[in-house]
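Structure, as structure tokens:
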Amino acid sequence: MKGVDHLAHERNKTEFDVDAMKIVWAGSRHAFELSDRMARLVASDPAFQKDGRIRLGRKELFKNTLRKAAHAWKRILELHLTEEEAGWLRNFVDEPSFTDLHWGMFVPAIKGQGTDEQQQKWLPLAYKMQIIGSYAQTELGHGSNVQGLETTATFDPETDEFVIHSPTLTSSKWWPGGLGKVSTHAIVYARLITNGQEHGVHGFIVQLRSLDDHMPIPGITIGDIGMKFGNGAYNTMDNGVLTFDHIRIPRNQMLMRVLQVTREGKCVKSNVPRQLIYGTMVFVRQTIVADASTALARAVCIATRYSAVRRQFGSQDGGMETQVIDYKTQQSRLFPLLASAYAFRFVGEWLKWLYTDVTQRLQANDFSILPEAHACTAGLKSLTTTATADAIEECRKLCGGHGYLCASGLPELFAVYVPACTYEGDNVVLLLQVARFLMKTVSQLGSGKKPVGTTAYLGRVQDLLQCCCDVQTAEDWLKPSVVLEAFEARSARMCVARAQNLSKFENPEDGFAELSADLVEASVAHCQLIVVSKFIDKLQQDIPGKGVNRQLQNLCYIYALNLLHKYLGDFLSTGCITPKQASLANDQLRSLYSQIRPNAIALVDAFNYTDHYLGSVLGRYDGNVYPKLYEEAWKDPLNDSVVPDGYHEYIHPMLKQQLRNARL
Ligand SMILES: CCCCCCCC/C=C\CCCCCCCCCCC/C=C/C(=O)SCCNC(=O)CCNC(=O)[C@H](O)C(C)(C)COP(=O)(O)OP(=O)(O)OC[C@H]1O[C@@H](n2cnc3c(N)ncnc32)[C@H](O)[C@@H]1OP(=O)(O)O
Ligand SMILES: Cc1cc2nc3c(=O)[nH]c(=O)nc-3n(C[C@H](O)[C@H](O)[C@H](O)COP(=O)(O)OP(=O)(O)OC[C@H]3O[C@@H](n4cnc5c(N)ncnc54)[C@H](O)[C@@H]3O)c2cc1C
């Protein structure tokens, strides 16, 4: 059987309506149609082809990205694409570029932290791309510790200006995307100083380059920070270094929604909390969670299709060998990743809803759920990006040797994805933020303050500390209430135990530092509970399409029970379940793998990825892996000549030398 036939055969086994699942995956029929149209538009446009990208040198690669970004912008204008359509188009172009920072951080920062007048002035310029913006927060010396940033913005009342200055080497802005070679402006985060007093870190709109000849404004030193991990990958982005030598900007270029500086240099606080200065990060972290499912689905799609095409061992009587997807070990590594892709999709959808809700409340001056929004975006960003980065590497291994070839698409996907564990907040630092939120919530339980939202379960902490898991058979693990209670009890018990340990310290900050590794584990448990509960919520919705809900149920339980298996130490040590119940969960997991198996190919087809987007010979829709892999090898520049360049200089003399030695 050829690879092509393998996948056709697999598709015939499907037990659910794939088209209906495509809509569930996309979020709505509208989102499906729109993303499908944009995917095809990009795939059919030769200007967006990606072949050979990994072989380009840095300069060529970067220029290629500039060309694509300009072409994308041209198409956006010609076709009058909406912001939503343009977002999809960017996704399928599949190449990090300065436009990400412009649309994803510069514009949102002005929207979130700028006053109405500032928005009226700057947004039209940004929307028309008459200026290009970056987000310059991180410095050489500090990234995580935002309050430790050293760049200063000192108000000069004589001229009604701020003087932006880099006082030390470590105060050099370092990392901002789009900054190195493209951006004309940036939101620069600096310590505000007025009348000799410090007022914390704030954002300032600073012009960096001339709009006429692109030369840096005098007093500004700016460039790219150099090559990053992997070929192609994130090297399409010009992450930059920037220093200021007493650069003057008008007073009205400080983003003043949170704090206003008057003509006299007086600071006047508005009614919005200081934390809103961090609002852009909340927005981007939310988009990163949605993107995690996209990247994970891509890797899983490649590994699943290839696992159905690939055969090793098991031939009987000269018959065909076993498809590697039929090995239980392959299933136990692959199917939880497939389930995670769906789980992250749904939690991403929910987080988007939460973010929209918070934004509306903020506009009405209701700041009550900002701490929860921060904890959820930080925690889920950390959880989903860590899991996705690990999963991409696991998918590479699931594809055996061929997974290591760039033609598999996996090395570049890994290299481009892995910094998501660091940017927008190091994943451990973010989990520590979640831990602070959880410990605060637990400490307030005694005062009668009822936790709400994702921490509502902590309000039932007494019950959760005492509850006994009600599982007697493997089938009992298919009850949503049972699974939910196990995850709630585990998280609640871990939180309470950490809080009790913390209370033993005289100084809470000392305790927090000493127990930080344990605290991070509690944060992970809490975030996993959120993902499981949002998946279960999804199952309660009316989901049309033959067999679709059944598949989603299977995936949901695979996600939850695999976590239970992986984090068994937590569940057993907190006494949430017994070893016998853990063993029943494992039995159920194996059964679920068998049920998912015939649907695996259709479940990845439901992602609706074009071959262009996947960029993988192993993950081709038609399964025609071997002929294409063979064809691909000959495209390598090393194969341009039969005898390699360097033969006469290095190989030939060596061979001759050996011949001479042999004669001696
Ligand atoms: C192809 C061309 C196409 C063209 C078409 C264009 C159309 C395209 C359309 C759209 C494209 C969009 C694409 C978008 C994609 C985006 C790409 C993103 C790329 C990624 C680039 C990366 C950027 C960055 O990395 S920016 C830098 C990020 N830096 C960090 O994250 C730093 C991490 N550190 C922190 O967050 C914190 O400062 C801290 C929390 C760790 C600090 O701790 P601490 O010192 O304790 O904090 P303090 O300042 O004292 O404050 C404590 C209190 O504040 C609360 N809090 C903290 N953070 C937040 C927050 N974010 N929100 C709310 N509240 C917060 C905290 O809980 C404390 O509260 P408490 O009540 O006092 O306890
Ligand atoms: C590809 C990429 C793109 C980026 N784009 C931008 C951008 O556009 N704009 C921008 O401003 N920045 C950008 N950044 C910077 C990024 O936001 C920071 O690198 C990130 O926030 C991590 O900060 P750091 O580098 O200071 O790490 P560090 O904080 O120095 O982390 C080093 C180690 O210390 C640990 N650590 C740090 N603090 C603590 C703590 N309190 N407790 C326990 N452990 C701790 C971390 O877990 C980590 O293991 C980008 C970074 C990358 C890699």
Side-chain angles (χ1 to χ4, degrees), residues 42 48 65-66 68-76 81-109 129 134-149 173-179 183 186-189 200-201 225 228-229 233-237 239-240 273-288 290-291 358 367 370-375 377-378 381 416 418-434 436-437 439-440 512-513 516-517 519-520:
V42 172
F48 291 131
T65 304
L66 295 185
K68 283 191 190 179
H71 184 69
W73 185 239
K74 183 168 156 267
R75 297 300 285 147
I76 288 167
L81 299 186
T82 61
E83 209 172 319
E84 193 185 3
E85 287 167 328
W88 280 111
L89 181 127
R90 147 69 188 99
N91 180 58
F92 294 120
V93 168
D94 186 32
E95 199 153 295
S97 82
F98 64 92
T99 54
D100 294 354
L101 272 293
H102 178 79
W103 292 102
M105 297 203 77
F106 181 74
V107 168
M129 295 208 78
S134 175
Y135 184 87
Q137 185 174 296
T138 306
E139 296 175 354
L140 190 54
H142 294 92
S144 299
N145 180 6
V146 179
Q147 292 306 320
L149 297 179
K173 292 294 171 189
W174 188 274
W175 269 120
L179 182 76
S183 301
I187 306 296
V188 172
Y189 285 82
V201 169
I225 60 170
K228 290 149 293 198
F229 186 78
Y234 217 83
N235 288 301
T236 54
M237 184 73 89
N239 293 94
R274 191 181 70 83
Q275 280 86 347
L276 218 72
I277 291 170
Y278 299 150
T280 312
M281 293 188 275
V282 174
F283 164 71
V284 181
R285 286 171 192 158
Q286 167 260 139
T287 67
I288 290 175
D291 288 349
V358 176
F367 307 109
L370 192 58
E372 200 205 353
H374 165 48
T377 47
K381 181 272 183 186
V416 82
V418 82
C421 298
T422 305
Y423 61 55
E424 278 311 325
D426 167 85
N427 279 355
V428 170
V429 170
L430 293 185
L431 288 176
L432 288 168
Q433 287 288 302
V434 180
R436 280 193 188 277
F437 173 68
M439 292 305 103
K440 203 168 174 178
F512 200 88
S516 54
L519 286 161
V520 159

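Numbering starts at 1 and runs along the sequence shown. As the structure is a computational prediction, the values presented were derived from the model and not from experiment. Note that these values count all heavy atoms, side chains included, but never hydrogens, waters or copies made by symmetry. When a ligand or atom number is given, it counts from 1 through the structure's own listing order.
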Practice task
Would you give the length of the straight line joining atom CG of L179 to atom CZ of F98, rounded to the nearest 0.5 angstrom?
Solution key: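 L179 CG to F98 CZ: 13.0 Å, rounded to 0.5 Å.
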Practice task
Return yes when atom CD of Q147 has more than 12 non-hydrogen atoms of other residues, nucleotides or ligands closer than 6.0 Å, and no otherwise.
Solution key: yes
Practice task
Please report the closest heavy-atom contact between W175 and N239, naming both atoms and the distance.
Solution key: O-ND2, 2.5 Å
Practice task
Locate the shortest heavy-atom distance separating H102 from P108; write the atom from each residue and the value.
Solution key: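 Residues H102 and P108, closest heavy atoms: O-CD, 4.4 Å.
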Exercise for the section: Collect the protein residues that have a non-hydrogen atom under 4.0 Å from ligand 2 and hand them over in chain and number order. Expected result: L101, Y135, Q137, T138, G143, S144, W175, P176, G177, Y234, N239, P419, T422, Y423, E424, G425, D426, V428, V429, L432
For ligand 1, output the ligand-protein N/O contacts shorter than 3.5 angstrom; if there are none, return none.
residue: ligand 1; atom: 25 (O); partner: E424; partner atom: N; Å: 2.9
residue: ligand 1; atom: 29 (N); partner: Q137; partner atom: NE2; Å: 3.3
residue: ligand 1; atom: 31 (O); partner: R285; partner atom: NH2; Å: 2.8
residue: ligand 1; atom: 31 (O); partner: G425; partner atom: N; Å: 2.9
residue: ligand 1; atom: 34 (N); partner: S144; partner atom: O; Å: 2.9
residue: ligand 1; atom: 36 (O); partner: R285; partner atom: NH2; Å: 3.1
residue: ligand 1; atom: 49 (O); partner: Q147; partner atom: NE2; Å: 3.4
residue: ligand 1; atom: 49 (O); partner: Y278; partner atom: OH; Å: 2.4
residue: ligand 1; atom: 54 (O); partner: Q275; partner atom: NE2; Å: 3.3
residue: ligand 1; atom: 58 (N); partner: H374; partner atom: NE2; Å: 3.3
residue: ligand 1; atom: 61 (N); partner: Y278; partner atom: O; Å: 3.4
residue: ligand 1; atom: 71 (O); partner: K440; partner atom: NZ; Å: 3.1

Problem - Working for side-chain contact (heavy atoms from CB on, under 4.5 Å), residues Y423 and T138 - result: CA-CA 10 Å; Y423 61 55; T138 306; over 6 Å; no
Practice task
For Q275, check side chain to side chain donor-acceptor pair (under 3.5 Å) against everything at least two apart and list the hits.
Solution key: none
Problem - Contacts of type side-chain contact (heavy atoms from CB on, under 4.5 Å), residue T287, not counting sequence neighbours - result: F283, V284
Problem - Exam field: side chain K228 to backbone P419, donor-acceptor pair closer than 3.5 Å - result: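 Checking the backbone N and O of P419 against the side chain of K228, no donor-acceptor pair under 3.5 Å is found.
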Problem - Donor-acceptor contact present, side-chain K381 to main-chain A420, <3.5 Å - result: yes
